[in-house]
Amino acid sequence: MKLLDGKAISKELREELAAEVKEMVGKGERPPHLAIVLVGNNPASETYVNAKVKACKNIGYETSLMHFPADISQELLLSAIDELNENEDIDGFIVQLPLPAHIEDRTVIERVLPGKDVDGFHPINVGRMSLGLDSFVSATPGGIVEMIKRYGIETEGKHCVVLGRSNIVGGPMSILMRRNTYPGNCTVTIAHSRTQNLAEVCRSADILVAAIGKPEFVTADMVKEGAVVIDVGINRIDDASRERGYRLVGDVAFDPVAEKSSYITPVPGGVGPMTIAYLLNNTMIAARKRIGQ
Ligand code: NDP
């Protein structure tokens, strides 16, 4: 078994981006600028946003955090998005999800200019990605594909089972793995809560991507000997032995599954760090377009 070390690969990617920022600034260009819109005080969202701001600063990006109260009206939020769309000092921006119940995610996502949509959630980016055209690819699947590429994992002709069909993880992941390029050229099956014989479907996977949000759901009997296992899940489970009272586990029962797999991502330290690094990568793509590269 080989560990897919998202921490190490994300460091490599971040170092490359930091070098590019230096070069950009050396040529008299301003560094890439990512803005983040946060609504309300969801503790998990605050943690993610802080990590993104810190990651930007560490590699020399500019960041702006726009933090709105939970009761902001949809109309006001949309007008803040309009301003970000028009602001030429900002290369890309994200609206941290989930949004409060009175705001429609879809309306907000569709208001973001596709050229600044570094989360890759806008239907135009999703559609272009599906067609294999130039687009922003959402950060979690984009980061996973980058990790597969950097480890040189063979994908052509393999059976990839994606467990979960959300718009931000499972859906785009399945599209990327069926592209006729590397990484891709897989035969893809998408499994979800209505899938029958789920264990059998998972067992047929050469590459298994688990993104369902159920702690340690994938057990060793669901995994083929030698499979590549990518665990996207981030779940908190109670653990009195930890100071904070919980620990993070993935959607895969790591120890027993690791024994059977050829490659596996740990949680934490696998897909999570790649997601942030890939958001930085998307922001660089937006900045390169600004300076005509
Ligand atoms: P969603 O809740 O949006 O989607 C979950 C998917 O899993 C759905 O398609 C659902 O099926 C399916 N599902 C749920 N229960 C089962 C089950 N028992 N059997 C089969 N399928 C099931 O989750 P996300 O895609 O947003 O996130 C998935 C996980 O990944 C979460 O743990 C999340 O925290 C984590 N995550 C991690 C990131 C990272 O950076 N590492 C980034 C984003 C997410 P159905 O459609 O039928 O309801």
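Whatever order the structure lists ligands and atoms in, that order sets their numbers, starting from 1.
- Of the charged side-chain nitrogens involved, at least one lies within less than 4.0 Å of a carboxylate oxygen, so that Asp82 and Arg111 count as a salt-bridged pair.
- Contacts of Lys149 classified as salt bridge (charged side-chain N to carboxylate O under 4.0 Å, His left out), with partners at least two apart in sequence or in another chain: Glu146.
- The existence of a salt bridge linking Arg30 and Glu62 is excluded, since no basic side-chain nitrogen approaches an acidic carboxylate oxygen closer than 4.0 Å.
- Not counting sequence neighbours, Arg203 has no partner by the salt bridge (charged side-chain N to carboxylate O under 4.0 Å, His left out) test.
- Ordered by chain and residue number, the residues placing a heavy atom less than 4.0 Å from ligand 1 are Thr140, Gly164, Arg165, Ser166, Ile168, Val169, His192, Ser193, Leu198, Ala211, Ile212, Gly213, Lys214, Phe217, Val232, Gly233, Ile234, Asn235, Val271, Gly272, Thr275.
- Under 4.0 Å is where a charged nitrogen must lie from a carboxylate oxygen, and between Lys116 and Asp91 no such pair does.
- Residues passing the salt bridge (charged side-chain N to carboxylate O under 4.0 Å, His left out) test with Glu225, sequence neighbours excluded: none.
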